[in-house]
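A note on names: the letters A, B, ... follow the listed sequences, proteins ahead of strands, and every chain is numbered from 1.
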Amino acid sequence: MPPGTGRADPYRVWLSEVMLQQTTVAAVKDYFIRFTTLWPRIEDLAAAEDARVMAEWAGLGYYARARNLLACARKVAETGGFPDTRTGLRALPGIGPYTSAAIAAIAHDQPETVVDGNVERVVARLFAVETALPAAKAELTALAETLTPRKRPGDYAQAMMDLGATICTPRSPACGICPLIADCDARARGIAADLPRKAPKAPRPERRGIAWVARHGQSLLLEQRPAKGLLGGTLAFPSTGWDGRELPPPGAAQWRELGEVRHVFTHFNLSLRVMLGDLTGNPERGALVPLRQIDRDALPGLMRKVWDMARPEIAA
DNA sequence: CATGCGTGGAG
DNA sequence: TCTCCAAGCAT
């Protein structure tokens, strides 16, 4: 949306902002095009099946966003449209302090203060705030609010985020070409690159588990994971030992270990042993899916790794 | 306020 | 290889 264009379609603003939560523009781009092509209006998305939306979201991560996306779309479609105030937006599933302000500012050009990671960094440097995040969050928000203009607040919000993304970057900020260099306290004190300070992070523990690729003729056993928790609502091979669930393996005469896949989650590293076997009876959970119907793109990243390991071992 | 929640890219 | 992290939200 070019600057000065005025109102933007709230549906598209909302969809892009949700996709961009903790996710890079590069990663979002194709997903956004795909979603808006499949579902041009929020009513179209509201009418979609859960599994279809989860499949289209697969690979983008943070799957609670997809579940909240659908819940939000259905609520908005029911009530006839998006709220046009930050408070109204804030009450919807998946829309928090950042996204509500972003939609109000960008789609409705309201003078709401948008504070994302970029703005936190820009403001921390402008005012040389040395308190570490996340404790500094409230102070940074209050300082940011003093900057929000009455004119073109939507363009201003986007400009602040762009400044943080391209010039006031986390490492080696390009202060030499920054339009705010004359106002920047951190720059004046030579500590721009050290801000914002952050509380140290806990090390990521290792976890191990097993995934079963259970074959039955020309079909494999897949399951929809429980809606809450890790990879909630996504399509997956049955597995256990790594996510707090302890479930028995599907019944097979014998299992052959194909190898291990590694995966990094936000708060732990995972080694998952991949076992291949032939089902002896009817599976107690999940559903048999014909091989040619299995869409790699509909699987979350971890399960794509399992699939890629098993695929060559499975007869066409 | 701390924790849980994905993934891929940059340095 | 490893660390950091990207336009956060829910609980």
Side-chain angles (χ1 to χ4, degrees), chain A residues 1 12-32 54 57-69 71-72 89-103 105-107 112-122 131-138 141 144 154 156-166 168-173 193 196-207 225-234 236 242-244 261-270 297 299-305:
Chain A
M1 187 66 45
R12 287 173 175 253
V13 173
W14 162 70
L15 179 60
S16 63
E17 292 300 343
V18 171
M19 285 183 167
L20 285 164
Q21 288 166 6
Q22 297 291 285
T23 310
T24 59
V25 173
V28 162
K29 186 167 176 252
D30 290 344
Y31 284 87
F32 181 78
M54 294 309 296
W57 195 276
L60 200 52
Y62 285 140
Y63 297 94
R65 291 185 296 171
R67 302 192 301 273
N68 287 329
L69 192 80
C72 182
L89 290 160
R90 179 68 181 81
L92 292 166
I95 299 185
Y98 163 77
T99 306
S100 58
I103 298 173
I106 296 170
E112 298 290 353
T113 300
V114 178
V115 182
D116 71 338
N118 290 305
V119 175
E120 286 179 356
R121 184 170 57 254
V122 171
T131 311
L133 286 168
K137 172 86 177 172
T141 299
Y156 166 79
Q158 302 224 57
M160 283 290 275
M161 292 189 281
D162 286 345
L163 182 70
T166 61
C168 195
T169 52
R171 284 176 288 203
S172 55
R197 301 198 196 285
K198 299 202 173 180
K201 299 178 181 176
R204 258 198 304 262
E206 292 284 333
R207 293 191 197 172
R225 291 177 59 83
K228 296 194 172 187
L230 276 160
L231 305 180
T234 64
W242 59 280
D243 61 355
V261 298
R262 287 194 57 82
H263 195 72
V264 179
F265 287 93
T266 310
H267 52 297
F268 64 93
N269 296 324
L270 175 65
D297 290 342
L299 300 171
L302 169 64
M303 295 300 163
R304 289 179 186 176
K305 292 177 182 173

Just the rounded figure in Å: distance from [atom2] of [N] to [atom1] of [X].
| X | N | atom1 | atom2 | answer |
| --- | --- | --- | --- | --- |
| A/E206 | C/dT1 | CD | P | 14 Å |
| A/R121 | C/dC5 | CZ | P | 9 Å |
| A/W242 | B/dG4 | CH2 | P | 14 Å |
| A/L20 | C/dC5 | CG | P | 19 Å |
| A/R90 | C/dC9 | CZ | C1' | 8 Å |
| A/L270 | B/dC5 | CG | C1' | 14 Å |
| A/R197 | C/dC5 | CZ | P | 14 Å |
| A/K201 | B/dA2 | NZ | P | 14 Å |

side-chain N/O A/K198 vs C/dC4 OP1/OP2, d < 4.0 Å: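 Checking C/dC4 against A/K198, no side-chain N or O comes under 4.0 Å of OP1 or OP2.
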Phosphate contact (B/dG4 OP1 or OP2) by A/H267 side-chain N/O below 4.0 Å: no
Exercise: do A/Q21 and A/Y98 side chains pair donor with acceptor under 3.5 Å: no
Footprint string (nucleotides 6-11 of chain B, 5' to 3'): B base within contact, S backbone only, - free, heavy atoms under 4.0 Å: BB---S
Interatomic distance at P, B/dG6 relative to C/dT11, whole Å: 14 Å
Sugar-phosphate, base or nothing in reach of A/T99, heavy atoms under 4.0 Å: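 Counting heavy atoms under 4.0 Å across all strands, the contact made by A/T99 is with sugar-phosphate only.
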A/K137 side chain reached by A/V115 side chain, heavy atoms, under 4.5 Å: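 The answer is yes, as the side chains (C-beta and beyond) meet within the 4.5 Å cut-off.
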Close side-chain approach of A/V261 and A/L302, heavy atoms under 4.5 Å: yes
Sequence-distant partners of A/N269, side-chain contact (heavy atoms from CB on, under 4.5 Å), two or more places apart: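 So A/N269 forms a side-chain contact (heavy atoms from CB on, under 4.5 Å) with A/R204, A/E206, A/R262, A/V264.
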Out of B/dA2, C/dA6, C/dC9, whichever nucleotide has its closest atom nearest the side chain of A/P170: C/dA6
Sequence-distant partners of A/F268, ring pair (Phe, Tyr, Trp, His ring centres under 6.0 Å), two or more places apart: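 Listed in chain order: A/F265.
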Pairwise distance CZ(A/R65) to CG(A/L20) - rounded to 0.5 angstrom: 8.5 Å
Point-to-point distance, once rounded to the nearest 0.5 Å, from CD1 of A/I95 to CD of A/E17: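 Spacing of CD1 (A/I95) from CD (A/E17) equals 10.0 Å.
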Upstream residue (5' side of DNA chain C) when A/K228 and A/M161 are each assigned their closest nucleotide: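 Nearest-nucleotide comparison on DNA chain C picks A/M161.
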